[in-house]
Amino acid sequence: MTQPVIIGSERSEVGLPAGMDVLRRGGTALDAVEAAMRRCEDNLTDHYVGTGGLPNAQGVVELDASVMTGSDRRFGAVGALRGFPNPISVARAVMERLPQHCLLVGEGAALFARENGFEGAELLTEESRAMWREQLLTAAEAVEGENTPAVDGDHRYRRAALELVRRMAPHEGPWGTINIVALDAHGEMCVGVSTSGYPFKYPGRVGDSAVPGAGNWCDLRGGGAACTGRGELSLRGGTARTVVDLLALGKEPADACRVALEEAAGLPDEYRSELRALALTPDGRHGGAAGQEGSVYAVMTGASTEPELRPRTLV
Ligand code: GLY
């Protein structure tokens, strides 16, 4: 029997105990990840995931989520899903009930969720709506002040609109995607990722959380890894997959995360901001790395009474 372990990114602490309860009862890593992640998605004080997540530039919450299991590399994901509070469960349903597909987005993802009996809900809370409005007003003022007199009002208008979207996408964190990786008593692993994505993103933008190899990867030959932060960097870097490949070559988890993040950090990127990674191996070793000081991840084993925070290696 393997000793179960569950790890998660910042603010996963609200969910990890539920995941560890599943693992202690002999449940699967997939069940543990889903149980833990649903708690995080339902946490209204967390503005980067599930209900209460920050909306896109038009004020609509669009969620990305994925699950992947380590023994068979099955993968299910949804992107830009509107109106369903627990995208992790919809992602799992894609994996289990629509195995000819891995990823559904937008209207198709919502149709699938409805057809499979998931309950819809309004995801924009009063608080997240107020945060969006404040950002909108600040960005509009900044753009207005910057515009030079334009020869053509139509062009000026369009340029300002694009600039508005650019400015609304923050360069700095805090980034709030949730990563959860579990190892169960049978030796199976699962990685789950859930997010409301880049705050005030362009409508329809799907980030790394829904994309295998970028924000999520799980393969028992190396382990499981996931990313938070600027998803365009891990999409371009194939960062979660890189971490797991490095684990398979024998690197320790924190070191594998550091090397993969360094690789992504070498990419030219005008919107550079923090990227973080964490990893767990099939024999229970774990670690993380981040581009910013003070970043941590949370861990629980069968002996834990509550999640413990561990520092990430600084890149
Ligand atoms: N890492 C989350 C995102 O970029 O959407």
Side-chain angles (χ1 to χ4, degrees), residues 8-12 37 40-41 46-50 52-58 60-68 75 77-82 87-88 90-91 103-106 109 123 128 132 135 165-166 168-181 191-218 224-243 257 260-261 263-265 267 269-279 288-292 295 297 312 315:
S9 54
E10 285 90 343
R11 298 177 340 286
S12 67
M37 192 66 88
C40 300
E41 292 173 339
D46 190 333
H47 292 298
Y48 298 92
V49 66
L54 285 170
N56 66 20
Q58 292 177 320
V60 181
V61 180
E62 292 183 332
L63 304 176
D64 301 340
S66 64
V67 287
M68 185 168 187
F75 184 87
V78 288
L81 175 66
R82 298 179 172 195
I88 196 72
V90 186
L103 168 61
L104 296 179
V105 300
L123 305 182
S128 52
W132 168 69
Q135 180 77 29
V165 171
R166 187 182 74 75
M168 287 177 79
H171 292 218
E172 292 170 10
W175 293 98
T177 299
I178 303 277
N179 300 154
I180 296 178
V181 189
V191 179
V193 183
S194 187
T195 190
S196 50
Y198 212 109
F200 322 122
K201 61 197 172 187
Y202 200 96
R205 179 262 189 190
V206 174
D208 62 327
S209 304
V211 178
N216 180 345
W217 195 253
C218 195
C227 299
T228 57
R230 179 157 155 66
E232 278 70 12
L233 283 177
S234 41
L235 280 162
R236 290 164 64 202
T239 304
R241 165 94 199 223
T242 303
V243 174
C257 290
L261 293 187
E263 201 280 330
L267 295 166
D269 184 46
E270 193 188 338
Y271 300 99
R272 178 158 311 289
S273 62
E274 191 192 1
L275 191 60
R276 282 166 269 163
L278 51 73
Q292 219 171 47
S295 188
Y297 67 99
R312 298 186 195 233
V315 176

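Read the numbers this way: they start at 1 and go in the same order the structure lists the ligands and their atoms. Note that the structure is a prediction, hence the values are computed from the model and not measured.
- Among S66, S209, S234, the single residue meeting the side chain to side chain donor-acceptor pair (under 3.5 Å) criterion with N216 is S66.
- If you number the atoms of ligand 1 from 1 as listed, the ones under 4.0 Å from a heavy atom of T177 come out as 1 (N), 2 (C).
- Using 4.0 Å as the threshold, G229 has a heavy atom nearer than that to some atom of ligand 1.
- By the side-chain contact (heavy atoms from CB on, under 4.5 Å) test, A109 is found to be paired with V78, L81, L104, residues two or more places apart in sequence or in another chain being considered.
- In this structure, E263 does not pair ionically with R236, as no charged nitrogen and carboxylate oxygen lie closer than 4.0 Å.
- The side-chain heavy atoms of I88 and V67, taken from C-beta on, include a pair separated by under 4.5 Å.
- Residue contacts with ligand 1, taken as heavy atom pairs separated by less than 4.0 Å, involve R205 solely via side-chain atoms from C-beta onward.
- Close contacts between ligand 1 and Y198 involve ligand atoms 5 (O) [criterion: under 4.0 Å to a heavy atom].
- With sequence neighbours excluded, the residues that form a side-chain contact (heavy atoms from CB on, under 4.5 Å) with A80 are E62, V206.
- Ligand 1 has no nitrogen or oxygen under 3.5 angstrom from a nitrogen or oxygen of C227.
- Summarising the contacts of atom 3 (C) of ligand 1 with T195, L233, D208, the nearest heavy atom is found in D208.
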